[in-house]
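Worksheet for the structure shown next.
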Amino acid sequence: MNTLTITRPDDWHLHLRDGEQLHAVLPHTAKQFARAIVMPNLKPPVVTVDMALAYRNRILAALPVDCKTSFEPLMTLYLTDNTSPAEIERARESGVIQGIKLYPAGATTNSDAGVTDLSKCHATLEAMQKLDLPLLVHGEVTDPDIDVFDREKVFIDRILAPLAYRFPALRIVFEHITTRDAVQFIDQSSQQIAATITAHHLLLNRNAILQGGIQPHHYCMPVLKREIHRQALLKAATSGNPKFFLGTDSAPHARSAKENACGCAGVFTAHAAIELYASAFEQVNALENLEAFASFHGADFYRLPRNQNSITLKKENWLVPMFYEFAGENLVPLSAGTIIPWRIA
Ligand code: NCD
Ligand code: ZN
């Protein structure tokens, strides 16, 4: 296969940041994807509909001229202990908010305002279930006694399974899954529950963080896992099962914040997102299933129309730059300085 034409894909989990950083990273996504679910973990977080509408306007204003009509940001609200059912109603009525994001407090970058105890959110979750507004979940416990590599599995047992049982009609996206346990949970759960998978978790296992010295640009949350987990993710993503779909979790941080004694979590993949997924699918001879994963399953789950136009990928080696410009700083992309074998035509 030397070219691959697929329906234009969507990114169902993306960090766009704000201000100059937003201007720097948005063009990378807008040139590939028709839509993206935009994460609300700004500082301060996007907790109200008004804040989400204002953020949406800043994103639209930052779009390059040639993408003004071809890219649509899909907005989310950041769930806190204090998010009210009335705010959920306003979110539903707005027509531009597609999900409510649960960050367990302290789980990841800018999650200090996250939920401390899900029982505080029950009335709000009831409202989401009733109004059919999906819950997007960062699925890791924050208990410091739990091994970092086990935090997703423990989250399933302690939080996610009971949540799904209590709110059986609530649509839930288990974001950026990283383990075989998560794949099994999704396989066994109802049609209301789906998962996104990143390109970096399909391409790398945890050796990539530590081999040849500490590799800060491979550090993200949830952290990369063992090879058996990567294999399970690859199998799920390429299986054709509509419960798995593309979400890059592209999460840019300045080089100085990554190459730091206390480096930030997040891998930037927007520069080559669909090409990186194509490389992963090609590893297991499953390129024919890329379109459904990248362009159909997410739209179907979110009950949005599938995109009408297409993109073409060519089998062509290209060298990923060592860094991109990022608001006066450098941004080191995944696979910096190496060859990627697919390129958007
Ligand atoms: C994300 C970020 O930087 O905003 N980081 C990451 O490692 N994925 C936050 C997140 O999605 O957990
Ligand atoms: Zn994320």
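Both ligands and their constituent atoms are indexed starting at 1 by order of listing. Sequence positions, counted from 1, serve as the residue numbers for this chain. Below, each value reflects all heavy atoms present in this structure, side chains not excepted, and no hydrogens, waters or symmetry copies.
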Name of the [X] atom (N/O/S only) found closest to the Zn ion (ligand 2):
{"X": "D249", "answer": "OD1"}
{"X": "H13", "answer": "NE2"}
{"X": "H15", "answer": "NE2"}

Practice item. Kindly indicate, with the supporting measurements, whether the criterion salt bridge (charged side-chain N to carboxylate O under 4.0 Å, His left out) is fulfilled by R90 and E87. Key: CA-CA 5 Å; R90 278 191 286 275; E87 200 65 36; 2.6 Å; yes

Review point. K225 and T179: side-chain donor and acceptor closer than 3.5 Å?
Key: no

**Study point:** Whether E325 side chain and G328 backbone form a donor-acceptor pair below 3.5 Å
**Key:**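 Looks like yes, one N/O pair under 3.5 Å.
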
Review point. Short question: side chain of T3, backbone of K314 - any donor-acceptor pair under 3.5 Å?
Key: no

I'd like to know whether [atom1] of [X] has more than 12 heavy-atom contacts from other residues, nucleotides or ligands below 6.0 angstrom.
{"X": "K315", "atom1": "NZ", "answer": "yes"}
{"X": "L319", "atom1": "CG", "answer": "yes"}
{"X": "E20", "atom1": "CD", "answer": "no"}
{"X": "K31", "atom1": "NZ", "answer": "yes"}

Check your understanding: So, H176 and the Zn ion (ligand 2): N/O/S under 2.8 Å, yes or no?
Key ->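 For H176, the answer is no, given that no N, O or S atom comes within less than 2.8 Å of the Zn ion (ligand 2).
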
Exercise for review: Using non-hydrogen atoms of the residue, decide whether E140 is closer than 4.0 angstrom to ligand 1.
Suggested key: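 False for this residue.
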
Output the list of atoms in ligand 1 that are nearer than 4.0 Å to some heavy atom of [X], sorted by atom number.
{"X": "H138", "result": "12 (O)"}
{"X": "C220", "result": "7 (O)"}
{"X": "A251", "result": "1 (C), 2 (C), 3 (O), 5 (N)"}
{"X": "D249", "result": "8 (N), 11 (O)"}

What I want to know is whether [X] and ligand 1 share at least one N or O pair that is separated by under 3.5 angstrom.
{"X": "A265", "result": "yes"}
{"X": "H253", "result": "yes"}
{"X": "M221", "result": "yes"}
{"X": "G266", "result": "yes"}

Review point. Out of L14, N41, T248, V223, whose heavy atom is nearest to atom 4 (O) of ligand 1?
Key: N41

Point to revise | D117 to D81 - nearest heavy-atom pair and separation | key: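 That closest heavy-atom pairing would be N-OD1, 4.0 Å.
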
Exercise for review: Say whether W12 and F296 are linked into one hydrophobic cluster, either directly or through other cluster members, by side-chain heavy-atom distances under 4.5 angstrom.
Suggested key: no

Exercise for review: Would you mind telling me if ligand 1 is within reach of the side chain of R17, the backbone, both or neither, using heavy atoms under 4.0 Å?
Suggested key: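 It is the side chain that gets close, since no backbone atom is under 4.0 Å.
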
